[in-house]
Q: 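Right, I'll just put the structure down here and ask away after.
Note that these values count all heavy atoms, side chains included, but never hydrogens, waters or copies made by symmetry.
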Amino acid sequence: ISLLKQSIAQNMDNSQIVKLRNALAQTYLAQNKIKQAEKEYDLILQRDPRNPDALFFQGQRLMARNRVKEAVSKLRQVVNLEPGFIPAYIKLAEAYYHNNEIQLSKDTLSHALKVNNKFYPARKALASIFVGQKDYPAALEHLKILHNQNPNKIEPLILMGDVYVLNNELKKASDAYLLAEQVSPNNPIVLLKQAQVLAQEKKFGQAHQKLDQALKITPNAISIVKTKVAFYFAQNQMDNSLKFCNKLIKKFPNVPYLYALRGKILTAMKKISQAEQSYNQAIKLAPKWLLPYYKISQLYIAQGKINDGIKKLKKAVQVRPDSIQTRFSIALLYQLKKQYVKAAQEYENILRINKEFAVAANNLAYIYAENLSSEKNLKRALSLAQMAAKNNGPEGLDTLGWVQHKLGQNEVAIKTLLKAYEMKKDKNPTIAYHLGMIYYKMINKVQAKHWLQIALNLNKLFPEKDKAKEILRKIS
């Protein structure tokens, strides 16, 4: 780095400056010094706005920041400037996919394969998209090509087996995994896959043999251990599951996930006190691992001890103050207890950590509008609801419409709520209830009755169901 910096200082007006800065940026990236690399690429683009390496880096950074449309623009520039820059096609396809532009993603990967027919990541990504679309024949076609191009790799064969499993072709899946075993004998991943197929065929004895074979190679591999326990669960053999777990703990007494797994088994066996002890042992071994805290809080909540559940989650927050998931769980529990001030405080804490966390913003907006209504809180609620509704999801729009109603903007609220209601085939009764209530407040009894009846006719549980029945009786 010092040599490159020295060379840059000596060649500030030289045509080599871009190459030197690019080399420095790549060195920074190799050392995971992202900010320093970003600074160098920005300087490159000041001198050469069409530099493919710098534009590619910017596209990647924009993707990491979830600014997908801007990332697409940068990455398209790269492939237009450098049609042979294959990694840019992969990233551009990823951006299109993230933006739900699936066909463009497929076209981009197909174009990459025209440039280089043997580029493994492009064909693998294309097969993955076909799997997502449940076009299993197309996925298998690409995976077979990958296997033919890479006969000594087991991944294409494993992926082929996985696709056959998804398509419920268990014999073909078994054959694919057998080929993978021939390429890589005694591979624990292959043995795990074979065991899973055998379990689907209800051949649990043979499935356990495969897993035992895998455990001889990797004695405490999480995925294999969890799968063996899952097989015992499927066979309703809880005692065998516990014996297996205890045997592993005796062999590996300092592995926290084993205690968490034993906690899960004991919970299923309704040995709650012993389960809590096991989770606490996991916490003792790994104090910053959040899962055992959640599990103990769930044990308390299942027993109606919500306050104890909150206390346990707060201990997790002390360990990991930036854990949004933990804080979100606490906020939901406060909402459940109708302690709206405390719930609001937790949601505000979450938004200080991540101001774009839409679900927290949505829930907080609803609390401010419905439970802690004031002029100040309604203004904040509107801002939060607008942010939460940016993705135009029905829940976000429902909250936005309700906040608009609380602010007296009934006509706008109705338009927002109608849009929310029509967004999904699986209709949301709360949205219909909100429409009914707004019309009721506007003294439009016909529309109020219409929407409240719709809410009730959906035959779903929703928090406002009793209120909907009460208003409907008044109207009738």
Q: Do S174 side-chain atoms and L170 backbone N/O form a donor-acceptor pair below 3.5 Å?
A: no

Q: What distance do K288 atom NZ and S323 atom OG have between them, rounded to the nearest 0.5 Å?
A: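 That separation rounds to 12.5 Å.
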
Q: Determine all donor-acceptor pairs shorter than 3.5 Å in which one atom belongs to a side chain in residues 28-37; sequence neighbours excluded.
A:
from, atom 1, to, atom 2, distance (Å)
Y28, OH, K5, NZ, 3.4
Q31, OE1, K33, NZ, 3.2

Q: Does N148 reach the main-chain N or O of K144 with its side chain, forming a donor-acceptor pair under 3.5 Å?
A: yes

Q: Just say parallel, tilted or perpendicular for the rings of W402 and H434, cut-offs at 30° and 60°.
A: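 Ring orientation of W402 relative to H434: parallel.
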
Q: Regarding H147 and E155, is there a side-chain donor-to-acceptor distance under 3.5 Å anywhere?
A: no

Q: Between K338 and N371, does the side-chain hydrogen bond (donor to acceptor under 3.5 Å, both in side chains) criterion hold? Intermediate values first, please.
A: CA-CA 9 Å; K338 299 184 180 179; N371 310 113; over 6 Å; no

Q: Has the side chain of N99 got a donor or acceptor atom that lies under 3.5 Å from a matching backbone atom of E101?
A: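 Here the side-chain-to-backbone pair does not exist.
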
Q: If the threshold is 4.0 Å, N to carboxylate O, is there a salt bridge linking K460 and D426?
A: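 Between D426 and K460 there is a salt bridge, with a charged N closer than 4.0 Å to a carboxylate O.
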
Q: Grab the two heavy atoms, one from N363 and one from Q335, that are nearest each other, plus how far apart they are.
A: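 For N363 and Q335, the tightest heavy-atom pair comes out as ND2-OE1, 4.0 Å.
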
Q: Does some side-chain heavy atom of M269 sit less than 4.5 Å from a side-chain heavy atom of D239?
A: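 In contact.
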
Q: Regarding E276 and K295, does a basic nitrogen lie under 4.0 Å from an acidic carboxylate oxygen?
A: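 Here E276 does not pair with K295 in a salt bridge, since their nearest N and O are not under 4.0 Å apart.
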
Q: Are the side chain of R327 and the backbone N or O of P321 linked by a donor-acceptor pair below 3.5 Å?
A: yes

Q: Could you tell me if D135 and Q133 have a donor-acceptor pair between their side chains, going purely by distance under 3.5 Å?
A: no

Q: Please check this pair: side chain of R262 against backbone of Y257, looking for a donor-acceptor N/O pair closer than 3.5 Å.
A: no

Q: Tell me whether K153 forms a cation-pi arrangement with Y120, defined as NZ or CZ under 6.0 Å from the six-membered ring centre and within 45 degrees of its axis.
A: yes

Q: State whether R65 and E38 are salt-bridged, where the test is any N-O pair (Lys NZ or Arg NE/NH1/NH2 against Asp/Glu carboxylate O) under 4.0 Å.
A: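 Looking at E38 together with R65, the answer is yes, because their closest N to O distance falls below 4.0 Å.
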
Q: Could you check Q345, E346, R352 and say which one makes a side chain to side chain contact (heavy atoms under 4.5 Å, CB included) with E348?
A: R352

Q: For the pair H142 and F130, name the ring-plane relationship: parallel under 30°, tilted 30 to 60°, perpendicular over 60°.
A: parallel

Q: Looking at Y177, is K172 sitting on its ring face, NZ or CZ under 6.0 Å from the six-membered ring centre and within 45 degrees of the normal?
A: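 Geometry flag: not set, cation outside 6.0 Å or 45°.
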
Q: State whether Y300 and K312 meet the cation-pi test: NZ (Lys) or CZ (Arg) under 6.0 Å from the six-membered ring centroid, and within 45° of the perpendicular axis.
A: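 Verdict for Y300: no cation-pi partner in K312.
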
Q: Are side-chain heavy atoms of L384 and N362 found at a separation under 4.5 Å?
A: no

Q: Please determine whether a side-chain nitrogen of the Lys or Arg among K171 and D175 lies less than 4.0 Å from a carboxylate oxygen of the Asp or Glu.
A: yes

Q: Does the plane of the ring in F56 sit parallel, tilted or perpendicular to the ring in F85? Use 30° and 60° as the thresholds.
A: tilted

Q: Do Y136 and Y164 have their ring centres less than 6.0 Å from each other?
A: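 No - the distance between ring centres of Y136 and Y164 does not fall below the 6.0 Å cut-off.
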
